[in-house]
Number of protein chains: 2
Amino acid sequence: MALKIRKNRSSAPPPKCVVASCMALIGGAWTPNIIWYLSGGPRRFGELRIDMPGISPKMLSTRLREMEKAGVLRREVMPTSPPSVEYALTDLGAELLPAIVAIAEVGHKLKARENAACGQGENDRPAGQPLAAE
Amino acid sequence: MALKIRKNRSSAPPPKCVVASCMALIGGAWTPNIIWYLSGGPRRFGELRIDMPGISPKMLSTRLREMEKAGVLRREVMPTSPPSVEYALTDLGAELLPAIVAIAEVGHKLKARENAACGQGENDRPAGQPLAAE
DNA sequence: CTGTATCCAAACCGATACTG
DNA sequence: CAGTATCGGTTTGGATACAG
């Protein structure tokens with residue numbers, strides 16, 4: 001052998017499958033938003049649709065279903081005259097928030113660097129791209 | 001209008017684009033692992049390959065390149081006889097760790113529930129699926 | 001050893017239309 | 001109002017082979 005492999009100094013083995021479990025939930029394009037909006041209290045299907053302009057009913061339904069199955073939110077049918085359904089985060093679902101906040105925090109710094117490029121002239125994104133930034 | 005839309009009680013607007021900036025980096029299938037292994041100190045290309053059995057050189061190269069461009073890691077060519085390249089997290093890259101840890105933490109609970117199913121008989125994954133769980 | 005090129009399968013997402 | 005069905009475009013990731 002030409003070069004020797006150094007022992008990895010990481011304190012613990014990387015929990016890939018564990019990370020994947022969470023990423024499957026918050027890794028979607030809309031899931032962080034759904035969780036965020038739900039963190040303010042229970043919310044109906046149509047309300048969530050209005051909260052997130054551009055989301056198709058299919059996506060919302062799919063994500064909601066996945067999240068319910070994973071046990072991070074609860075679906076409750078309200079017996080009103082026009083049927084309405086409320087979605088609310090469970091305790092488990094609320095635990096996703098710190099992760100999302102952590103992501104948003106570092107994402108903020110990432111984005112700042114992305115736009116400023118730290119003095120480098122290399123920025124192909126002129127700052128202010130039309131994402132769904134409220 | 002039949003039903004009135006309740007005002008969203010979420011404390012702040014969900015920073016979707018900001019989240020996306022971070023998710024683009026840690027949302028990949030291998031990126032969390034790369035960051036984790038790099039958190040133990042600088043590491044070479046081949047070492048990372050051994051750390052993560054199953055990753056193709058293309059993926060590793062692609063992710064490494066993206067992360068370098070985003071400024072979360074630095075690439076350094078060591079002038080040794082067989083050429084070797086070391087990758088190391090930058091300060092900015094180290095800031096990704098808290099987010100990954102937060103994800104892993106809630107992912108752990110998610111996975112526990114996923115396997116136990118809380119007394120329900122509904123689990124189509126018999127626990128112990130062959131993911132890259134070290 | 002350190003990558004890059006090509007091909008290919010699967011997942012994700014969006015738009016539209018339609019049902020209960 | 002609250003979804004489901006279907007179609008298609010785009011992206012992502014894996015396998016393999018090859019190059020500097």
Side-chain angles (χ1 to χ4, degrees), chain A residues 1-6 16-17 19-20 23-34 38 42-69 73-88 130-132, chain B residues 1-6 16-17 19-20 23-34 38 42-69 73-88 130-132:
Chain A
M1 57 189 75
L3 290 172
K4 51 186 167 188
I5 305 303
R6 293 168 294 185
K16 182 178 189 235
C17 59
V19 170
M23 290 300 296
L25 278 179
I26 65 174
W30 296 101
T31 351
N33 279 51
I34 295 175
L38 246 31
R43 209 137 174 83
R44 291 191 293 113
F45 190 88
E47 289 176 322
L48 287 171
R49 266 184 91 174
I50 294 173
D51 288 337
M52 294 171 283
I55 192 172
S56 70
K58 176 192 175 177
M59 284 316 302
L60 185 51
S61 180
T62 304
R63 291 279 92 91
L64 251 19
R65 202 162 285 273
E66 281 182 13
M67 291 163 79
E68 186 192 5
K69 188 176 178 186
L73 63 78
R74 211 161 356 93
R75 196 183 104 117
E76 193 170 352
V77 180
M78 312 298 281
T80 51
S81 36
S84 67
V85 184
E86 275 207 350
Y87 294 91
L131 267 167
Chain B
M1 56 191 77
L3 291 171
K4 50 185 168 189
I5 306 302
R6 294 167 294 188
K16 184 174 191 247
C17 60
V19 171
M23 290 300 295
L25 277 179
I26 66 174
W30 297 99
T31 351
N33 278 51
I34 295 175
L38 246 32
R43 211 140 174 81
R44 289 189 296 113
F45 190 87
E47 289 176 323
L48 288 171
R49 266 184 91 175
I50 294 173
D51 287 338
M52 295 172 283
I55 192 174
S56 68
K58 174 194 175 177
M59 285 316 303
L60 185 50
S61 179
T62 304
R63 292 280 93 90
L64 251 19
R65 200 165 288 272
E66 280 181 15
M67 292 163 76
E68 185 191 7
K69 187 176 179 186
L73 63 77
R74 211 161 358 92
R75 196 182 104 117
E76 192 171 352
V77 180
M78 313 299 282
T80 50
S81 36
S84 67
V85 184
E86 274 206 352
Y87 294 92
L131 267 165

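We name chains A, B, ... by the order of the sequence lines, and we start the count at 1 in each one.
D/dG3 atom P lies 7 Å from atom CG of A/Leu64, rounded to whole Å. What separates CG of A/Asp51 from P of D/dA2 is a distance of 12 Å, to the nearest Å. What separates CE of A/Met23 from C1' of C/dA11 is a distance of 14 Å, to the nearest Å. When rounded to the nearest whole Å, the span between CE of B/Met67 and C1' of C/dG3 equals 17 Å. Straight-line distance from the CD atom of A/Glu47 to the C1' atom of D/dA2: 13 Å, rounded to whole Å. Computed from coordinates, the A/Ile34 CD1 to C/dC13 C1' distance equals 13 Å when rounded to whole Å. Going from atom CG of A/Asn33 over to atom P of C/dG14 covers 11 Å, rounded to whole Å. When the P atom of D/dC1 is taken as reference, atom OH of A/Tyr87 falls 14 Å away, rounded to whole Å.
Salt-bridge check for B/Glu66 with B/Lys69: failed, with every basic side-chain N at 4.0 Å or more from each acidic carboxylate O.
Proximity of A/Arg44 to the phosphate of D/dC1: no side-chain N or O atom is located under 4.0 Å from OP1 or OP2.
You'll find the side chain of B/Leu60 reaches within 4.5 Å of the side chain of B/Phe45, heavy atoms only. For the pair A/Ile26/B/Val19, no side-chain contact is recorded, criterion being any heavy-atom separation below 4.5 Å from C-beta on. Side-chain contact between B/Pro32 and A/Lys16 is absent, with no heavy-atom pair separated by less than 4.5 Å. Residues A/Arg75 and A/Leu64 fail the side-chain proximity criterion, which asks for heavy atoms closer than 4.5 Å. At least one side-chain heavy atom of B/Leu48 sits under 4.5 Å from a side-chain heavy atom of B/Leu38.
In this view, A/Glu68 satisfies the side chain to side chain donor-acceptor pair (under 3.5 Å) rule with no residue, not counting sequence neighbours.
In this structure, A/Arg43 contributes its side chain and B/Arg6 its backbone to a donor-acceptor pair below 3.5 Å. Remark: side-chain polar atoms of B/Thr62 are paired, donor with acceptor, to backbone N or O of B/Lys58 under 3.5 angstrom.
Annotation: the terminal axes of the helix from C/dC1-D/dG20 to C/dG20-D/dC1 meet at 40°, where each axis is the rotation carrying the C1' atoms of four end pairs onto the next four (5 pairs per end, rounded to 10°).
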Treating primed atoms plus P, OP1 and OP2 as sugar-phosphate and everything else as base, which nucleotides of nucleotides 6-15 of chain D get B, S or - for protein heavy atoms under 4.0 Å? BB-----SBB
